[in-house]
Amino acid sequence: MRAHRRAHRAAVRTGAALLAAGLLAGCGLLRSEPEASDPADGRPADASAAPTPTDLKDSPKTPELPSSLTSQRLDWQRCPAPQGGEAPGSIWRCASVEVPLDYAEPSGETLSVALVRKQARDKGRRLGSLLFNFGGPGGSGVGTLPRSADAYAKLNSRYDLVSFDPRGVAASSGVRCRTDKEQEQAHRSVDLTPDTAAEEKAFIEDAADFGAGCERRSGAILPHVGTVNAARDLDLIREVLGDEKLSYFGFSYGTELGGTYAHIFPHRVGRTVLDAVVDPTADGTGHARNQTTGFQRALENYLKDRDQDPKTGSERIARLLARIDRSPLPTDSGRELSESLAITGIVTPLYSESGWPALTAALDEAENNGTGNGLLRLADSYNGRDEQGRYDTQNHSQRAISCADSTSRPTADEARALLPEFRKLSPVFGPFLAWDTAGWCARWPVEGENDTPETSAPGAGPILVVGTTGDPATPYEGARRMADELGKGVGVLLTNKGEGHGAYGGNDCVTSKIDDYFLDGKVPEDGTTCS
């Protein structure tokens, strides 16, 4: 489990507006007729059905795609109901687009990428499609966008709101690595902060077993789920939707995807916003170090808000975790709260200031009652576990995508060597995130692509990069680095002085500036600050 990679799931489940809990089961099509105003190819009624010209080459690695892919006509249909839920309603339409499994062989095998769309209300002033990625990696855009669309009502006046399940996610050939029973057993038995040689051995073996399970169940797609391929999928989606340039709104991991797209296709970058920015200069260990700093910063801000001394409060919570490690806490469900689940339960409400009261109640229960109900509920929401013990597969896709992207494969010895530094950064989160460097991609069956993502985008138009000073999962410093990496005249930094993972919808000043940029092309001055 890697905290920054599950960014917006946790944020929503503690009250943020950008995502909603749970995932749609998929975007399989129901048999129904398209609306009269909803052409089957997905283009507005007054647009030409001819595909966008592709003679502009942005990267020498850009593949030549066959016309069977670039000239697809999308069959928009009513979206199905998610498992155990309700369909998103008649204003939403779902479709799928075929993409190459391997872009090195674009005329070879394909896979289907699931899409969801809500058309612009003001069709006479329609600007095109606005594509969303809400983070993860592994988050289902098909499941998320209908639940969060109210937050983007102003943008929906002139844009079709569109999202997708990236390759390897949910309805787009989603990666699966373990059964629910295997997931539950791992949460019960594996210590994510091992203290003995036996615990270390079990930790690494479990991590390796996870990757082996991915290979057994999803081996065909596993080498092809990386972010570079997802960025190429984005460009094909743009073309099939009939947009000359990509208008894009990315959150958390979606900022890495957006930066990668800009690097490969700089001249196809339209109005683009990156909110809650992943540091493109950090490798796996660097991300862990950034998050240790970010979550400790958020915890200290939480403690200050509760009129507690940050140092004393952090040490008290670290002692609580040590007690739980020795003796897990009972819960009403009969399950025990382990130290690993307790840390996850503490991480979860730090994603949003609105989650802080839940953290206060859960810590009070654990410290004063000796029970772990509150922290276990928070951990379950983060881990995608429902009351019946069923787990979603976001963690599976998240890990597969992350390990396909990164060459970083630290050993147990290297993780152990990080412990003094990481404990100094945070007595609460340091050990957990130091060990995570070794466990995340241990003995992964697919080689990673890069140490860090390529995000330089010379020739692209202005990209608005939004950083929040109190962001725990993607610390503020990463936004400045992303703006710098995009290049002079491309990256435009907008600072939100506040708490939480993501600024849009939570800060009126930021929201207004993003809306003005998307709707009217007004670019804020680089370095603008919203309080």
Side-chain angles (χ1 to χ4, degrees), residues 1-8 10-11 135-137 192 227 250-260 274-302 314 343-344 346-348 350-352 398-399 401-403 405-410 414-415 417-441 448 450-453 455 465-486 491 493 495-496 498-503:
M1 186 252 312
R2 180 158 293 184
H4 81 276
R5 298 294 190 175
R6 292 182 69 87
H8 268 62
L192 300 182
T227 299
F251 301 91
S252 196
Y253 162 77
T255 67
E256 182 176 324
L257 176 58
T260 300
L274 309 178
D275 187 0
V277 183
V278 174
D279 181 353
T281 70
D283 61 9
T285 300
H287 280 305
R289 185 177 288 108
N290 289 348
Q291 287 206 310
T292 303
T293 301
F295 277 105
Q296 181 62 29
R297 182 186 295 162
L299 180 64
E300 291 179 0
N301 290 342
Y302 157 78
S314 296
I343 294 171
T344 305
I346 294 168
V347 160
T348 304
L350 291 177
Y351 276 91
S352 169
Q398 173 194 27
R399 202 147 159 179
I401 295 168
S402 300
C403 297
D405 281 348
S406 175
T407 57
S408 181
R409 303 287 190 267
E414 289 170 326
L418 292 172
L419 287 171
E421 175 197 356
F422 276 53
R423 283 197 182 102
K424 186 175 181 180
L425 290 173
S426 173
V428 175
F429 307 113
F432 166 68
L433 285 164
W435 277 111
D436 187 55
T437 62
W440 191 243
C441 298
N450 296 299
D451 289 335
T452 59
T455 58
V465 179
V466 186
T468 296
T469 55
D471 190 322
T474 52
Y476 171 75
E477 292 82 357
R480 177 72 272 174
R481 292 174 189 138
M482 175 67 84
D484 290 342
E485 287 291 304
L486 288 168
L493 181 63
T495 298
N496 170 40
E499 299 297 322
H501 186 55

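- Heavy-atom minimum distance, Ala415 versus Thr437: CB-OG1, 3.7 Å.
- Rounding to the nearest 0.5 angstrom, the gap separating the NE2 atom in His287 from the OG atom in Ser408 is 9.5 Å.
- Partners of Arg289 according to the side chain to side chain donor-acceptor pair (under 3.5 Å) rule, which considers only residues two or more places apart in sequence or in another chain, are Glu421.
- Annotation: side chain to side chain donor-acceptor pair (under 3.5 Å) contacts of Asn290 (sequence neighbours excluded): Asp279.
- Residues Gly135 and Ser252 share a closest heavy-atom pair of CA-CB, 4.3 Å.
- Across Ala298 and Pro472, no two heavy atoms sit closer than the pair CB-CB, 3.6 Å.
- One distance of note links CG of Leu257 with CZ of Phe251; it measures 13.0 Å at 0.5 Å rounding.
- Sorted by first and then second residue, the salt bridge (charged side-chain N to carboxylate O under 4.0 Å, His left out) pairs involving residues 465-479 (not counting sequence neighbours) are Arg297-Glu477.
- Thr407 pairs by the side chain to side chain contact (heavy atoms under 4.5 Å, CB included) definition with Asp451, not counting sequence neighbours.
- The salt bridge (charged side-chain N to carboxylate O under 4.0 Å, His left out) test applied to Asp484 returns Arg480, not counting sequence neighbours.
- Of all the heavy atoms in Arg399 and Gly439, the pair that sits closest is NH2-O, 3.1 Å.
- Interatomic distance, CD of Glu256 versus CG of Asp405, reported as 5.5 Å (0.5 Å rounding).
- The backbone N or O of Val278 sits less than 3.5 Å from a side-chain atom of Thr255, completing a donor-acceptor pair.
- Minimum heavy-atom separation, Leu493 to Ala479: CD1-CB, 3.8 Å.
- For residues 422-433, every residue pair satisfying the side chain to side chain donor-acceptor pair (under 3.5 Å) rule, not counting sequence neighbours, is listed here: Gln296-Ser426.
- In this structure, the side chain to side chain donor-acceptor pair (under 3.5 Å) partners of Thr495, at least two apart in sequence or on a different chain, are Tyr476.
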Should Thr452 and Thr281 be marked as a side-chain contact (heavy atoms from CB on, under 4.5 Å) after you check the CA-CA gap, both sets of side-chain angles, and the distance that decides it?
-> CA-CA 6 Å; Thr452 59; Thr281 70; 5.7 Å; no
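- In the model, Tyr253 has no side-chain atom that pairs as donor or acceptor with a side-chain atom of Ser402 under 3.5 Å.
- Side-chain contact between Pro453 and Thr227 is absent, with no heavy-atom pair separated by less than 4.5 Å.
- In terms of heavy atoms, Ala503 sits closest to Val466 at CB-CG1, 3.9 Å.
- In this view, Phe422 satisfies the ring-ring contact (aromatic ring centres under 6.0 Å, His included) rule with no residue, not counting sequence neighbours.
- The structure places CG of Leu433 at 10.5 Å from CG of Leu192, a figure rounded to the nearest 0.5 Å.
- The aromatic rings of Tyr351 and Phe295 lie perpendicular to each other, with more than 60° between the two planes, well past the 30° mark.
- Under the rule for a side chain to side chain donor-acceptor pair (under 3.5 Å), the partners of Thr468 that lie at least two apart in sequence or sit in another chain are Asn496.
- Atom CG of Asn301 and atom CD of Glu499 lie 4.0 Å apart (nearest 0.5 Å).
- Atoms CD1 and CZ, on Ile346 and Phe432 in that order, are 10.5 Å from each other to the nearest 0.5 Å.
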